[in-house]
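Computed from a predicted structure; not experimentally measured. Order of appearance sets the numbers: ligands from 1, and atoms from 1 within every ligand.
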Amino acid sequence: MALLIKSGTLVTAAETFKADILVDDECIVQIGADLPVPSDAEVVDASGKLVLPGGVDVHTHFGLPMAGTISSDDHFTGHRAAAFGGTTTAIDFVVHGPGALAANIDRWHAMADGIAAIDFGFHMNITRLDSQVEKEIPGLEQEGITSVKVFMAYPNMRLSDGDIFRVMRIAREHGLLTMLHAEGGDVINLLVPEALAAGHTTPLWHALTRPTWGAVEATLRGALLAAQAGASLYIVHMNAGGEVDQLEYARQHGVKVMGETCPQYLLFTQDNLRQPDGAKWVCSPPVRQASDNARLWEGISRGILQTVATDHCPFFYNGTQPIMFDGQLVAIPGKELGRDDFTKIPNGLPGVGDRLPVLWTTGVQSGKITPNQFVALTSTNPAIIHGLYPRKGTLAPGADADIVIWDADRSLTYGLEHAHHRTDYNLYEGMQLHGYPEKVFLRGHLIVENEHWLGHPGMGRYLHRKSGNPIL
Ligand code: URP
Ligand code: ZN
Ligand code: ZN
């Protein structure tokens, strides 16, 4: 059955205009004023509402094993939470475990395919490099994977600069995008045991042992490695003002480098880590200072950074205390594992469902970014950079009908119950939000209506992404 979304105000990355949207066979087929109503069409009245393309979150970790536990959303609960917040596409990272890359990808498909609830893709982590892995990287495109993530930190995952350069060269040859976790691994590896030996065990020390300057240096180092390899680079979870400076410098000098940040780096500081419940904010890289928040806001508003993702990687705050979730008691070991030792706190935060509502209020409502920039940062740019555009990331004939009807007038006090993440806390508990998704369509299927979930596990489709994507 066709669907006609009538009289909404469409917001794309480029323009804002009043129009109807006709959907058929899961795609947008026509956009225009006063479209005739087909006899078989369901009509949704969007007058007084904004109509946005579904959000594209290109940085999630569902079911990620870490620190003796696992991130607490799986590919269903995480996707459903994403949908409640207006996100209809997510890209997750395949862990580079033992065996061939293809075997690792199969493992991630086995976790996701049967339960996915929004459309999804994968990035491939490359955390060891030998001649066999080098041979396998070009085969990623066949799997629909056109991006690889490399790390400059984490003892068992980081690559040497030389190996990062080798990965970048292969990626360039095959039109793949290299993604970089930019932190100064050598210094972190010295500071962490020193802090513990000195008796510093609190969550704040997670940040103090991961210095900002290391992230700044790593960002420039990554950009310069990319320049030498002639590769395209995307720096994930940018967190420091100095990183924005380096990104701007590299881009001004013609380096093909782009940046992503996440709401936590725009909105939180080390003061949050000083709180009694500071473990809730432990993530890598860490949250920094107010001046870093401000420079990152400037970075997204001036187009120095291109995307806002989440790095969604939730854990329970107290995984010994079950919560009622989907009618069952659930408890998954979480942040309490590091009560006496910050190195044992699983790193990561919930956020996939928070991203759009929180960024709308703190970015658009506060006048830091326009509604069009909001769409560009959260949907269009990520779709272009990661090879999903124009199927995803826009409202246009031929695109998948991933559509959010956004009530810009809705005010609510936000928190755990709205977010739907499978965890026991929300970082934005009590925040006054203004603007919220009212209806969310995945390929024309209504999957969220206000507080009601109408989708089902398995309806999300795996996305084979394009290679050779543009640099924004
Ligand atoms: O703390 C975080 N961000 N955990 C996820 C892993 C990563 O580096 O993105
Ligand atoms: Zn990372
Ligand atoms: Zn991540």
Identify, by name, the N, O or S atom of H181 lying closest to the Zn ion (ligand 2). ND1

Metal proximity, V236 vs the Zn ion (ligand 2), N/O/S cut-off 2.8 Å: no

Closest to atom 4 (N) of ligand 1 by heavy-atom distance, out of N347, T310, L349, is N347

Check: G319 main-chain N/O paired with E336 side-chain donor or acceptor under 3.5 Å: yes

Interfacing atoms of ligand 1 (cut-off 4.0 Å, heavy-atom, G348): 1 (O), 2 (C)

Nearest non-hydrogen partners of T261 and M238, listed with the distance: OG1-O, 2.7 Å

If you take the centroid of each ring, where Trp contributes its six-membered ring, are F122 and Y462 closer together than 6.0 Å? yes

Checking a contact table here: which protein heavy atom is nearest atom 1 (O) of ligand 1, and how many Å away? S284 N, 2.8 Å

Within a strict 4.5 Å, meaning less than it, do heavy atoms of the H206 and I345 side chains meet? no

Name the closest protein heavy atom to atom 3 (N) of ligand 1, giving the residue it belongs to and the distance to 0.1 Å. D311 OD2, 2.5 Å

Quick one about H421 and D73 (side-chain donor to acceptor, distance below 3.5 Å, no hydrogens or angles considered), yes or no? no

N/O donor-acceptor pair under 3.5 Å between R172 side chain and A229 backbone: yes

Could you check atom 6 (C) of ligand 1 against the protein and tell me its nearest heavy-atom contact, residue, atom and distance included? Y154 OH, 3.5 Å

How does K149 reach ligand 1, if at all, at less than 4.0 Å between non-hydrogen atoms: by side chain, backbone, both, or neither? side chain

Restricting to N/O/S, name the atom of D311 that gets closest to the Zn ion (ligand 3). OD1

For Y249, does the OH atom have more than 12 heavy-atom neighbours from other residues, nucleotides or ligands under 6.0 Å away? no

N/O/S atom of H237 inside 2.8 Å of the Zn ion (ligand 3), strictly under: no

Taking only non-hydrogen atoms of C283 and a 4.0 Å limit, the atoms of ligand 1 in range are 1 (O)

Reported OG1-to-CG distance for the pair T362 and N293, which is rounded to 0.5 angstrom: 10.5 Å

Short list, please: which atoms of ligand 1 are under 4.0 Å from a heavy atom of H181? 8 (O)

Between H312 and F62, is the ring centre distance below 6.0 Å? yes

Whether H61 has an N, O or S atom under 2.8 Å from the Zn ion (ligand 3): yes

Which of the ligand 1 atoms, numbered from 1, are nearer than 4.0 Å to a heavy atom of H61: 5 (C), 6 (C), 7 (C), 9 (O)

